[in-house]
Amino acid sequence: MSEAYFRVESGALRSEENFLSLDDILMSHEKIPVRTEIPIPRLGAFFPERSGGADTDNTIPQGSKLELPLWLAKGLFDHKRRILSVELPKIYQEGWRTVFSADANVVDLHKMGPHFYGFGSQLLHFDSPENPDISQSLLQTFIGRFRRIMDSSQNAYNEDTSALVAKLDEMERGLFQTGQRGLNDFQCWEKGQASQITASSLVQNYRKRKFPDLDH
Amino acid sequence: MFCNRAMEMVRELQRAPQGQLLAFNEDGLRQILEEMKNLYEQNQSDVNEAKSGGRSDLIPTIKFRHCSLLRNRRCTIAYLYDRLLRIRALRWEYGSVLPNVLRFHMSAEEIEWFNHYKKSLATYMRSLGGDEGLDITQDMKPPKSLYIEVRCLKDFGEFEVDDGTPVLLKKNSQHFLPRWKCEQLIRQGVLEHILW
């Protein structure tokens, strides 16, 4: 309950990622399909199937389709699309949006790129004409799934929750854990243990992991 | 170019169970800085060529590498900052004296930071509550009584109570001790707080 480590929160659901957030860094590492709008010399070595080869100065030709990490796509993108243009990944396109609107609960969002909501929110930076539909879809999908997450996190006490979180994306898992923490704190209070001073879980973790000489 | 080393370090930190401090990855940091140096030098040379040789087609290439540099920088700073957050948590959860094992996991600069933080905290605590100061790292949960019952979880040795009486903390012995003396030992896992 009195854990002193407070990590930097993710900002991905807002307009910009948090620079220092490890979650956001991991999220923006996921790949997005792009198309080059001009030739890019000397970087062909990194995309061997697309490269023009040594006699073109290892240029990646105009019109190549590449998979770049989100951070790179964001950095190179501008509204005039001078260097590259961005395609929507399948799960944010119309086909999947229809699936989500039918029943959001059955989808395995962890498999669909574990940062479904974060990545989807940052996708809106690329000025796709489908942006309003994408944002609606993200919101409605979350609304559809939230009830089950809240319910299961508040009722799974002292049991193996891996089946419950398997199909949740990272943001939903965070919510689930928050719910579990609340549940555990409440149970602790009900049992009258709220005032019991406990060993810091940080210390217990260090003990468990091969630090036998921690007993000074 | 794709900051793989930096990402490995971020992942490693992300995977560490809640707030645990891992060994400082000196090697990884060095490799990232080397990657950044290479990118920077390639960009310098391409910028010169673009300016004097009229090769403006190199501009997207330069931008590409620049994004990579920024990304490496972001990952490194986030890595270092998150470690500082964990080290700060150690002061609150463990106390002001860290066991050697943990000290070996910290770089020299981190140890220096920890000492500065300790001092700042101590100065602040002394400034509270009039002349005596106030130890805000105590009473993390609202106290219900002055004295508490504790059981010893491991042999700790002699322990002196306020009036000078020594108490022998042997494994499984039980004692009735003042709360403020025991709190830190309980948090460190030496004693166990027993409720009736």
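Proteins come first, then strands; the chains are lettered A, B, ... in the order of their sequence lines, and each starts at number 1.
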Between [X] and chain A, which part of the residue has a heavy atom less than 4.5 Å away: side chain, backbone, both or neither?
X	answer
B:R74	both
B:R91	neither
B:Y81	side chain
B:P142	backbone

>> Tell me which of these, A:H29, A:K74, A:R82, has more heavy-atom pairs under 4.5 Å with chain B than the rest.
In response: A:H29
>> Looking only at heavy atoms and a cut-off of under 4.5 Å, which of A:L20, A:I83, A:I25 has the most pairs with chain B?
In response: A:I25
>> I need the minimum non-hydrogen distance between A:L88 and A:Q93, along with the two atoms involved.
In response: O-NE2, 2.7 Å
> If every non-hydrogen atom of B:M1 is compared with every non-hydrogen atom of A:L43, which pair is closest and at what distance?
Replying inline: CE-CD2, 3.5 Å
Check this for me: does any side-chain nitrogen of one of [X] and [Y] sit under 4.0 Å from a carboxylate oxygen of the other?
X	Y	value
B:D27	B:R30	yes
A:E172	A:R145	yes
B:R65	B:E41	no
B:R5	B:E35	no
A:R81	A:E37	no

Side chain / backbone / both / neither for [X] at chain B, heavy atoms under 4.5 Å:
X	result
A:I197	both
A:S28	both
A:N58	neither
A:D23	both
A:L68	side chain
A:L26	both

Among [options], residue most engaged with chain A (heavy-atom pairs, under 4.5 Å):
options	result
B:C3, B:S68, B:C182, B:A6	B:S68
B:L153, B:V10, B:N100, B:I59	B:V10
B:L13, B:L70, B:L90	B:L90
B:H193, B:R71, B:Q14	B:R71
B:R86, B:R55, B:R11, B:K63	B:R86
B:V150, B:I186, B:D46	B:I186

Would you say the ring centroid of [X] lies under 6.0 angstrom from that of [Y]?
X	Y	answer
B:W113	B:Y117	yes
A:F47	B:F2	yes
A:F116	A:F142	no

> Any cation-pi pair here, B:K170 with B:F156, using under 6.0 Å and within 45°?
Replying inline: no
